[in-house]
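The structure appears below as structure tokens.
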Amino acid sequence: MTGPQRRRFAVASSTAAATPAKRVTRRRTETRNRLLTAAYEVFAEEGFGRSTVERVCDRAGFTRGAFYSNFTSLDELFLTMWEQRSAAMLAGVRATLDKFAVDGVTDLRAAIERLDRAVPIDEAWYRITAEFTTHALRTPALRQVMAAREELIVAALMPTIVAALARVGRTVPDPVALGQALVAVHDGTTVQVLMEPRSRRIRRRRTELLCHVVLAYSTTTPELSTATEG
């Protein structure tokens, strides 16, 4: 990606994030979805760095014209894919956390175990994102876009997590710090889980580490503590 291309990409990404999405037809939506599905398969099989627009088009059954009428590059396509999967993950986590109140979950470890199960660990997606992250680290404008979107995901998720922790008697003084710590633990332990997917020991340690992080970045809610003592 040349200097001018990077600047155009950064401007386009910033504009897309700041303005509502354009209205698209049903046919256009179907085309985009087919391209996204095909790209996921190609990225997973061949690696992002070795994938091409031609390979994605061949897998989807479209021409290059169809691709470029929907995406400016494979970078933009990946970011769209990431946005969709992030939205699905956020919806799943929120639904799980919202059920705590209905189910009466008050135990921290039980809550974290449920939360952990709500976040899927997909080996193919991990490979794709790991390769794209390496690519982004070599592209300053793209690195900025990814960092900004990561912050948006954490910001969107933390209010639900903070509310769920409040129901189990924990107060979070710095939600941003907790969010960053949870992401770090998730990313790091995901590799261990993928290396030994059948290991209960690794899953158990992942849960324990998440518990330690939550305890380190939260405090006992004073009101609940007083009520319990009384």
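These numbers come from the heavy atoms of this one structure, side chains and all, not from hydrogens, waters or symmetry mates. Since this is a predicted model, take the numbers as computed values, not measurements.
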Shared ILVMFWY cluster between [X] and [Y], side chains joined below 4.5 angstrom?
| X | Y | value |
| --- | --- | --- |
| Val213 | Val191 | no |
| Leu90 | Ile121 | no |
| Met146 | Leu137 | no |

Can any side-chain N or O of [X] pair as donor or acceptor with the backbone N or O of [Y] at less than 3.5 Å?
| X | Y | answer |
| --- | --- | --- |
| Arg32 | Asn70 | yes |
| Arg167 | Leu97 | yes |
| Thr37 | Arg34 | no |
| Thr221 | Gly169 | yes |

When you check the gap from the basic side-chain N to the acidic O, do [X] and [Y] get nearer than 4.0 Å?
| X | Y | result |
| --- | --- | --- |
| Glu46 | Arg59 | no |
| Glu30 | Arg26 | yes |
| Arg127 | Glu131 | no |

Kindly give the heavy-atom pair with the smallest separation between [X] and [Y], and that separation in Å.
| X | Y | value |
| --- | --- | --- |
| Ile153 | Ser86 | CD1-OG, 3.3 Å |
| Met81 | Tyr40 | CE-N, 3.7 Å |
| Leu35 | Ala66 | CD1-O, 4.1 Å |
| Val42 | Arg55 | CG2-O, 4.0 Å |
| Pro120 | Met89 | CD-CG, 4.5 Å |
| Leu194 | Pro197 | O-CD, 3.4 Å |

Evaluate side-chain contact (heavy atoms from CB on, under 4.5 Å) for Leu142 paired with Phe78, printing each intermediate quantity in order.
CA-CA 11 Å; Leu142 189 55; Phe78 169 83; over 6 Å; no
Report yes if some heavy atom in the side chain of [X] is under 4.5 Å from a heavy atom in the side chain of [Y]; otherwise report no.
| X | Y | result |
| --- | --- | --- |
| Asp75 | His135 | yes |
| Thr160 | Val93 | no |
| Met195 | Ile202 | no |
| Leu77 | Phe43 | yes |
| Val172 | Ile161 | no |
| Leu182 | Leu157 | no |
| Val154 | Val176 | no |
| Glu208 | Arg109 | yes |

Which pairs pass ring-ring contact (aromatic ring centres under 6.0 Å, His included) with one or both residues in residues 183-222, sequence neighbours excluded?
none
Between Arg170 and Thr219, does any side-chain donor sit less than 3.5 Å from a side-chain acceptor?
no
Worked verdict on Leu115 versus Leu210 for side-chain contact (heavy atoms from CB on, under 4.5 Å)
CA-CA 10 Å; Leu115 176 61; Leu210 287 169; over 6 Å; no
If you measure from [atom1] on [X] to [atom2] on [Y], what distance do you get to the nearest 0.5 Å?
| X | Y | atom1 | atom2 | answer |
| --- | --- | --- | --- | --- |
| Thr129 | Arg85 | OG1 | CZ | 9.0 Å |
| Asp107 | Glu113 | CG | CD | 8.0 Å |
| Tyr126 | Ile128 | OH | CD1 | 13.0 Å |
| Thr52 | Asp58 | OG1 | CG | 7.5 Å |

For Phe71 and Phe67, take the angle between the two ring planes, folded into 0 to 90°, and tell me which bin it lands in: parallel under 30, tilted 30 to 60, perpendicular over 60.
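Geometry flag for Phe67 against Phe71: tilted rings.
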Does the pair Thr207 and Arg203 meet the rule for a side-chain contact (heavy atoms from CB on, under 4.5 Å), with working shown?
CA-CA 6 Å; Thr207 299; Arg203 276 285 188 174; 5.7 Å; no
Evaluate the ring-ring contact (aromatic ring centres under 6.0 Å, His included) criterion for residues Trp125 and Phe48: first the C-alpha distance (whole Å), next the side-chain angles of each, then the deciding distance (0.1 Å), finally the verdict.
CA-CA 11 Å; Trp125 180 239; Phe48 180 85; over 10 Å; no
Give me each pair satisfying side-chain hydrogen bond (donor to acceptor under 3.5 Å, both in side chains) with a member in residues 187-198, each pair once, sequence neighbours excluded.
Thr189-Arg206
Criterion side-chain contact (heavy atoms from CB on, under 4.5 Å) on Phe62 and Val56, from CA distance to verdict
CA-CA 8 Å; Phe62 291 127; Val56 172; over 6 Å; no
